[in-house]
Student: 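Okay, handing you the structure first.
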Amino acid sequence: MREEQFIALLDELGRDPAAWPAHLREDARAVLAGSAKARAALAAMHEMERLLALSVPAAALDIGAIAANAARQPQGQRHSVGSVLRKVSFGALGVMALAAGILVGMTPPSGTAIVGSVKMALNAGGTDVW
Amino acid sequence: MGDTDDALVLQVARGDRLAFARLVERHGARLMALAVRITRNRALAEEIVQETFTRAWTQAPNWQLKGEPARAFSGWLSRVATNLAIDQLRKPRSLPIEDAPEPVDPTADAVDVLIARQKLSRLQAALATLPPRQRAAIALTYDQGLSNIEGAAALETSVGAFELLLVRARRALRIAMTEDEA
């Protein structure tokens, strides 16, 4: 591992080489032992995280006012499970009716189809099927 | 489960204002910290926190309908606040930039305090130069303690994209700290 690779991994995997994947740890230790630049990068990462922790923005917040302001708004319309099911049912019924209409339009009357099939069988076999 | 987010959200969905105030109390400060870190402006951050909780109140009755588990409430708040903050920064307007309070170590001597302030100032300057989404990735990871999966959800992006934002942000901040040493 070169020191540039170590530094790239530092940005990618974080400031604790001991927590990096096992196959990288030994190489990371070796780079750290031999490279002042790698050690400086690690120190900078530690410092960055320490300062970030120190500088978490803190601000007084008027909890009561925020809650009261928000609660002045009307809550969204509540949908009962029943009303949702009714909407689903009406929608489903509509689709089913449409599908049934198409099916009926495309299918020949069943009686005709049966009679035709019997006639074909009679013609083909020439025997009394009854 | 009486005092969990799950229970409170269910009560809020039924219009319970006290339960709502408990949720605001529980999550308000961290949302404020998140919004301030991203926008670097407290007044704007307050607006964002207010809008986030207003949406929480108005949309609470729909939570169960959408099939969203109430335990995701915290993540939902982070997602709304993060996106509101980033959206606000896209709007053209001049905002006064406010630095975070300086760390004060009562045991440190004057030179140490001066050095610490310089380093913090360097970090704040570097944070200010980050694109808003990278700053959000830093805030979600370091300030809010979210995992990459949770951070990605808050930023409404993939885990891979979130990790890339984080790598770039870390690199920029680390380099700023390294320059400080030079």
Side-chain angles (χ1 to χ4, degrees), chain A residues 3-16 19-20 35-88, chain B residues 12-15 17 20-21 23-25 28-29 31-37 40 42 45-46 49-51 53-62 65 98-103 116 119-120 122-124 126-127 138-139 142-143 163 166-168 170-171 173-181:
Chain A
E3 64 185 14
E4 289 79 11
Q5 288 174 306
F6 173 87
I7 292 170
L9 286 169
L10 192 61
D11 294 332
E12 186 180 337
L13 301 174
R15 66 180 170 88
D16 186 7
W20 292 4
S35 166
K37 188 177 174 184
R39 287 193 297 275
L42 183 63
M45 188 68 90
H46 277 270
E47 186 66 356
M48 181 267 281
E49 293 193 4
R50 188 182 73 84
L51 290 173
L52 276 175
L54 276 175
S55 63
V56 174
L61 205 57
D62 190 341
I63 301 294
I66 287 176
N69 286 338
R72 277 196 201 105
Q73 303 299 317
Q75 284 193 305
Q77 188 183 352
R78 293 179 208 187
H79 305 285
S80 66
V81 173
S83 70
V84 172
L85 286 176
R86 276 196 296 279
K87 281 183 187 174
V88 170
Chain B
V12 172
R14 294 194 292 267
R17 292 171 189 235
F20 182 63
L23 284 173
V24 175
E25 187 177 14
L31 289 183
M32 185 67 183
L34 177 63
V36 170
R37 184 72 98 183
R40 306 175 65 242
R42 287 174 200 278
E46 279 180 17
V49 172
Q50 179 68 71
E51 175 61 21
F53 280 114
T54 300
R55 290 188 186 188
W57 170 260
T58 58
Q59 296 179 23
N62 299 329
L65 275 179
E98 304 158 8
D99 285 337
E102 294 171 338
K119 285 182 176 178
L120 187 63
R122 187 69 64 96
L123 178 74
Q124 298 287 7
L127 275 167
I138 287 288
Y142 290 101
D143 300 346
E163 287 172 348
L166 202 52
V167 167
R168 287 174 176 164
R170 275 194 193 123
R171 183 180 303 140
L173 298 181
R174 176 183 55 73
I175 288 170
M177 292 292 100
T178 308
E179 287 168 352
D180 195 38
E181 298 293 324

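Everything numeric in this text was worked out from a predicted model, so none of it was measured. Lettering follows sequence order; numbering is per chain, from 1.
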Student: Sort B/Y142 into side chain, backbone, both or neither according to what part of it lies under 4.5 angstrom from a heavy atom of chain A.
Tutor: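 For B/Y142, the contact with chain A is made by the side chain alone.
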
Student: Minimum heavy-atom separation for A/P57 and B/R37, please, with both atom names.
Tutor: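 Heavy atoms only, the tightest pair is CG-N, 3.8 Å.
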
Student: Where on B/A21 is there a heavy atom nearer than 4.5 Å to chain A: the side chain, the backbone, both, or neither?
Tutor: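 Both backbone and side chain.
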
Student: Tabulate below the donor-acceptor pairs under 3.5 Å that side-chain atoms of residues 3-12 of chain A make, not counting sequence neighbours, or state none.
Tutor:
from: A/E3; atom 1: OE1; to: A/S35; atom 2: OG; distance (Å): 2.5
from: A/Q5; atom 1: OE1; to: A/R2; atom 2: N; distance (Å): 2.8
from: A/D11; atom 1: OD1; to: B/R174; atom 2: NE; distance (Å): 2.8
from: A/D11; atom 1: OD2; to: B/R171; atom 2: NE; distance (Å): 3.4
from: A/D11; atom 1: OD2; to: B/R174; atom 2: NH2; distance (Å): 3.0

Student: At a heavy-atom separation under 4.5 Å, does B/L173 approach chain A through its side chain, its backbone, both, or neither?
Tutor: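 Its backbone and side chain both get close to chain A.
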
Student: Given that the side chain runs from C-beta out, which part of B/L34 has a heavy atom under 4.5 Å from chain A: side chain, backbone, both or neither?
Tutor: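 B/L34 has no heavy atom closer than 4.5 Å to chain A.
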
Student: Where is the tightest heavy-atom contact between B/P61 and A/G76, given as atom of each residue plus distance?
Tutor: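 Reported closest heavy-atom pair: CG-O, 3.6 Å.
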
Student: B/E25 versus chain A, heavy atoms under 4.5 Å apart: side chain, backbone, both or neither?
Tutor: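 Both the backbone and the side chain of B/E25 come within 4.5 Å of chain A.
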
Student: With side chains defined as the heavy atoms from C-beta onward, is the minimum distance between B/V24 and A/L61 less than 4.5 Å?
Tutor: no

Student: Between A/L54 and A/R50, is any pair of side-chain heavy atoms under 4.5 Å apart?
Tutor: yes

Student: Find the one option among A/R15, A/R72, A/M48, A/Q73 whose heavy-atom pairs under 4.5 Å with chain B are most numerous.
Tutor: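 When all of A/R15, A/R72, A/M48, A/Q73 are compared, A/M48 has the most.
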
Student: Got a sec, which residues hit side chain to side chain donor-acceptor pair (under 3.5 Å) with B/Q50, two or more places apart in sequence or on another chain?
Tutor: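 Side chain to side chain donor-acceptor pair (under 3.5 Å) list for B/Q50, sorted by chain: A/N69, B/T54.
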
Student: A/I66 versus chain B, heavy atoms under 4.5 Å apart: side chain, backbone, both or neither?
Tutor: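 Contact with chain B involves both backbone and side-chain atoms of A/I66.
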
Student: Using non-hydrogen atoms and a 4.5 Å limit, figure out which bit of B/L23 sits close to chain A: side chain, backbone, both or neither.
Tutor: neither

Student: Which atoms form the tightest heavy-atom contact between A/A67 and B/F20, and what is the distance?
Tutor: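 Of all heavy-atom pairs spanning A/A67 and B/F20, the closest is O-CE2, 3.5 Å.
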
Student: I'd like to know which of B/E46, B/R55, B/R17, B/R170 tops the heavy-atom pair count under 4.5 Å against chain A.
Tutor: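 Most heavy-atom pairs under 4.5 Å with chain A: B/R170.
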
